[in-house]
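Read through the structure below, which is laid out as structure tokens, and then see the notes.
A quick note: this is a predicted structure, and the numbers were derived from the prediction, not measured.
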Amino acid sequence: MIMEDTIKKLIRLNVELEGVLRVAFDRPCAEAMDAARDKFAEMSALFAGLGKAPVCEKAPVADEPLKVAPEPEKKAPLAPLDPAPAPESATTAAPPAAAPRGDIRRMLTLNDKFLFRRELFNGSDTELNDTLDLVASMASMREAEEYLYDDLQLDPDSDSMRQFIEILGSYFNTSSR
């Protein structure tokens, strides 16, 4: 169980390390490189504490080709059945409810999160997350823009804000389908 927890932490750190390395690549600065070194040191310490893993029956070999299952045969689609006539009361039924929206955070890459947290939310992860939660609960993109521009006083002309708005626009467009 300890090994599983450590491996989960290593996976999380690996993702974080990739993010800070991408930031360092896009915008070379000492802070990004320091963050990358810190993540790498943390990962190294976890690896050192792992000890020996139990022996596997067959260790995976990198040169071994992956075995792919053959695709199943495709069958011709069945002809659609004639739908039964709708009852009279069906025409007066309420319109279907909007589909529930997905998690807005899934639309942000790790780089996006670093950028928006730094550029728009004064480095505060809490402010970014609170804003994302609030925006996700809003009914429309227009409402989100009013909140961001009027209440939070974010600069609509900044490149970071344009990127943020573009992602939010995609979120509202995909969730309304």
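- Rounded to the nearest 0.5 Å, atoms OG (S137) and CG (L132) are 11.0 Å apart.
- Looking at residues two or more places apart in sequence or on another chain, you find a side chain to side chain contact (heavy atoms under 4.5 Å, CB included) between R106 and D103.
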Please step through side-chain contact (heavy atoms from CB on, under 4.5 Å) for the pair V135 and F164, ending with a clear verdict. CA-CA 12 Å; V135 166; F164 191 62; 5.6 Å; no
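- For the pair I165 and Y149, the minimum side-chain heavy-atom distance is below 4.5 Å.
- Pairing each heavy atom of K113 with each of R105, the nearest pair is CE-O, 4.0 Å.
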For L148 and L168, what are the C-alpha separation, side-chain angles and deciding distance, and is it a side-chain contact (heavy atoms from CB on, under 4.5 Å)? CA-CA 11 Å; L148 294 169; L168 294 182; 3.5 Å; yes
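- Counting only residues at least two apart or in different chains, side chain to side chain donor-acceptor pair (under 3.5 Å) contacts with residues 150-168 comprise D159-R162.
- Atoms OH and OG1, on Y147 and T131 in that order, are 4.5 Å from each other to the nearest 0.5 Å.
- Judged as a side chain to side chain contact (heavy atoms under 4.5 Å, CB included), and not counting sequence neighbours, the contacts of F40 are L17, S44.
- Annotation: side chain of M141 is not in contact with side chain of N173 (no heavy-atom distance under 4.5 Å).
- Closest of all the heavy-atom pairs between D112 and M107 is OD2-O, 4.2 Å.
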Please list, one pair per line, the donor and acceptor atoms closer than 3.5 Å that link side chains of residues 114-125 to other protein atoms, with sequence neighbours excluded.
{"residue": "R117", "atom": "NH1", "partner": "D125", "partner atom": "OD1", "Å": "3.0"}
{"residue": "S124", "atom": "OG", "partner": "T126", "partner atom": "N", "Å": "3.4"}
{"residue": "S124", "atom": "OG", "partner": "E127", "partner atom": "N", "Å": "3.0"}

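- Applying the side chain to side chain donor-acceptor pair (under 3.5 Å) test to D34 and every residue at least two apart in sequence or in another chain returns R37.
- Applying the salt bridge (Lys or Arg N to Asp or Glu O under 4.0 Å) test to E146 and every residue at least two apart in sequence or in another chain returns R142.
- Between the side chain of D133 and the backbone N or O of D130 there is no donor-acceptor pair closer than 3.5 Å.
- Shortest non-hydrogen contact noted between F172 and A139 is CE2-C, 4.2 Å.
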